[in-house]
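Here's the structure, in structure tokens; my notes come after.
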Amino acid sequence: MHDAFEYASILERLPLVIESIASYDNHLLVGTRPGHLLVYSIKDGTGDQRFEVQLKRSNKLFSKKPIVQMTVVPEFNLLISLSDNVVSVHDLDSFILKYVLNKTRGATVFAVDFQKHKKSTVFDPTPTFTLRMCVSVRKRLMLFVWRNNQFQDMGEELGIPDVAKTLAWAGDSLCVGFKRDYYLIKTTTGQLKDLFGTGKNMEPSISVLKDGSLILGRDEVTVFIDSEGKPAKRKAPVWTDVPLAVDFYDPYMIGILPKYVEIRTVDPRALVQSIELSKPRLISHGTHIYVASSSHVWRLVPVPIPMQISQLLQEKQFELALLLANKMQESDSEKTKRIQSIQYQYAFELFCQKRFQESFKVFAELETDPPEVIGLFHDLLPGDFRKRLEYPAPPPTLTGSEMEKGYLALTQYLLKQRNRLAKKVDETDGEELPESEIKTRKTLRQIIDTTLLKCYLQTNDALVAPFLRLENYCHPIESEKELYKHKKIEELVTFYQTKGNHKKALDLLLRKAQKPGAWQGPSKTVEYLQRLGKENLRFIFDYSGWVLKSRPEYGLKIFTEDIPEVEGLPRDQVLSHIKQNAPQLQIPYLEHVIHVFNEQTPELHNKLVDCYRERISELMESYKDELLEGESLPRAGKEPGELGELRSTLLTLLRDSRCYQPQNLLTHFPDSFFEERALLLGRLGRHEEALAIYIHVLNDIDMASLYCKRTYNDEWKDSKDVYACLLHMYLSPPEASILGAKTTDLQLKPNVVAALSVLREHYDKINPAKALELLPTTIEIQEIVPFLESILEEKSCKKKTNQVLKSLLFAEHLQIQERRMHYQAGKVLITDERACRVCHKKIGTSAFACYPSGEILHYYCYKSPTEKNK
């Protein structure tokens, strides 16, 4: 508690019993039980005397009965009193009785409502006033308004269910306290609203605040309500005893208790001060605050706010100190400085109380530098840096659950600061900033992110990796040390990767993979290298070698994963690297880039063909050694095992690929690769040589026919005569020596039967003149009759088709001409009066368009979007 008020004795041992008091300016009015009115003038004293009290007037004839209630209205120079159960109005200066409200005889209590109204005109700024009064007479409420120097009736009397013990105005309503209940009554309609009971004490008390809200007593509790009877505040002060009267002196509530005066605050709800006085029972709050007992009167003097704030800060009551600081009358800059100083101390105290979220919220509102907040924790900033920070007291050392709770709250605070700083950077993007400002921002972001990493490591290490994958500004050395300390190897690799320190990351992965019980073996290295991209090709080649040699199946994934970084690698360099470290992987790599990555480079297709050939040659030699004497080699692609699969794959590649360069490959294939040579010769357009291999070396007419079928295209010059070549090869075999060294002992003979079969089946794909020239003179006419008949029939069919087509085209031509003549027969007459249907301007000599209906419009208007949408 602190001293919010000091008290000074004004009157002591008054021989008359005090029944009521009222005050205004420096005057105190005391109403006594015998009906005497005492008026005192109270001024500041000198020396040891706090106040100079002087009895200005004593009116023994003011009333014959106790003066139970008084109200002063200085603006109208009125003193309103209740004595002998009737309301009287006196002149405030002379105390001469103006008149007695005889209608109020039997009154028990009255309430006055005084309102000040400001005029809106600048010519007459004098304010106006409204004075209303309500008097409770038995079970009725009488309403009066001050007009023409007297109280006049406001309207009809209002009926109430019981005799009122206290009442107060609340806007256009009246709050009435009965023995057991509080009611709210509308003065316009007389409607009653039951609020709540008065409690066990059954002594109601009502006070009115400056904002028009009310405070009602219910035993030890004071309840706030608005003019509609709804609760105005959630927190209600609870007194140590039932108060006899309650008043409000912002921000304090003053309760008159039987043995002392209690000072409390509403928000924060706290006991501020207890002042021991001898049986206080009355309070008057005008210009000054007076408290009275039956024979004594005291004045409550507020302690200067700076002194109160100083006491509150010593007692660490920061909320109340802030409340008072906001009410001080001083310059804006001084007030802001004072408030921020209190808020800083308050935030620090909240931290010391382990109320971390509340503390960081206040720090954020103050825009305190994040390093200063982080420094509250002993182990989050470097020692040298932390020594430069100053706090109101040494921050507490946190351990266990308290530390975890603090780190969690700090994490939320830092995330908000991080976002705020990022937003600030975005807003100033493109602006020229001083070098010092740029450096400060960079340092601040580094401190925030490094601290966030430390907090995650302490509270939720599952968030470490996602945080490091994002763009961050963590300090390299500090972060590396923390990650090592917590044995977060995978996260450390991620940190190196995001910072571009690939050498450190890959060295760490290599060391871990080479230890017994390797940490996921080479898989992590593979994943890392896959994401580097072609700009880091040096690292890929330097650190993929050991994977290719130790685990080739993993090593190949570095260069074949279906991700953009891998697809963008230079494939010729990758192939050279693979050849150097794992030659057996050349074929799988080339197959992947050609069939999956759709590589079109001829050199790589050629390289794959060469790799197939080399491997097939190796397997073929082994296979020949296993053959029994006299056993011949099977058809290409029909060999057992890997040899057959590879050769079949090679043939498919040579047959389907359009990217390899056959002229560069043909010389590499020896005579034993007959089918491969045939495909290469065909790709070079040397169809006779290719067909010679199929027919005379492989003795496979079906393969020759399939070759022609696959190759023939009547629109390609190199392919449209392939069947003529087939015919020629049947009828005029080449010399055996040109087919290869291993065919020199063959006796090649014409195959007239096969030739006639070609003429019969493919007559439409062979030039008849060339075919007849190729036929030997020994062929009889009847053998080629089917061929000639087919040719003539085809020619006749084509002739008839062309004649029909010609007739149709001529008919269509006539129809078009007829339509043209029809449309040209129409005419459009443009006169000086013809106007556009869109813009309604004259056509004149402008370009125009005409609808079939005859409507005319400018060509520009016809092309406009508006007209197009019509």
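All heavy atoms count here, side chains included; hydrogens, waters and symmetry mates do not.
With no hydrogens or angles considered, no side-chain donor-acceptor pair links Tyr543 and His502 at under 3.5 Å. Under the 3.5 Å distance criterion, with hydrogens and angles disregarded, no donor-acceptor pair is assigned to the side chains of Tyr712 and His762. Side-chain contact annotation: Glu482 with Tyr456, donor-acceptor N/O pair under 3.5 Å absent. Judged purely by distance below 3.5 Å, without hydrogens or angles, the side chains of Tyr612 and Glu591 pair a donor atom with an acceptor atom. Side-chain atoms of His378 and Arg386 include a donor-acceptor pair closer than 3.5 Å.
Using modelled atom types, one side-chain atom of Ser705 and one backbone atom of Ile701 make a donor-acceptor pair closer than 3.5 Å. Remark: the backbone N or O of Leu654 is paired with a side-chain donor or acceptor of Arg683 at under 3.5 angstrom. Judged by distance alone, with hydrogens and angles left aside, the side-chain atoms of His592 form no donor-acceptor pair with the main-chain N or O of Ile587 at under 3.5 Å.
Within a 6.0 Å radius of NZ in Lys439, other residues, nucleotides and ligands contribute 12 heavy atoms or fewer. Within a 6.0 Å sphere centred on OH of Tyr344, other residues, nucleotides and ligands contribute more than 12 heavy atoms.
Under a 4.0 Å N-O distance rule, the pair Asp610/Lys607 does not qualify as a salt bridge. Lys504 and Glu480 are joined by a salt bridge, as a carboxylate oxygen and a charged side-chain nitrogen come within less than 4.0 angstrom of each other. Using a cutoff of 4.0 Å between basic side-chain nitrogens and carboxylate oxygens, Glu358 and Lys361 are not scored as salt-bridged. Salt bridge Lys557/Glu527: absent, no basic N to carboxylate O contact under 4.0 Å.
Looking at residues two or more places apart in sequence or on another chain, you find a side-chain hydrogen bond (donor to acceptor under 3.5 Å, both in side chains) between Glu676 and Arg647. For Tyr473, the side chain to side chain contact (heavy atoms under 4.5 Å, CB included) test picks out Arg445, Asp449, Glu471, with sequence neighbours left out.
A centroid separation of 6.0 Å or more is found between the aromatic rings of Phe363 and Tyr413.
With values rounded to the nearest 0.5 angstrom, Asp507 atom CG is found 9.5 Å from Tyr496 atom OH.
Taking the six-membered ring for Trp and thresholds of 30 and 60 degrees, Phe348 and Tyr391 have nearly parallel ring planes, at less than 30 degrees apart.
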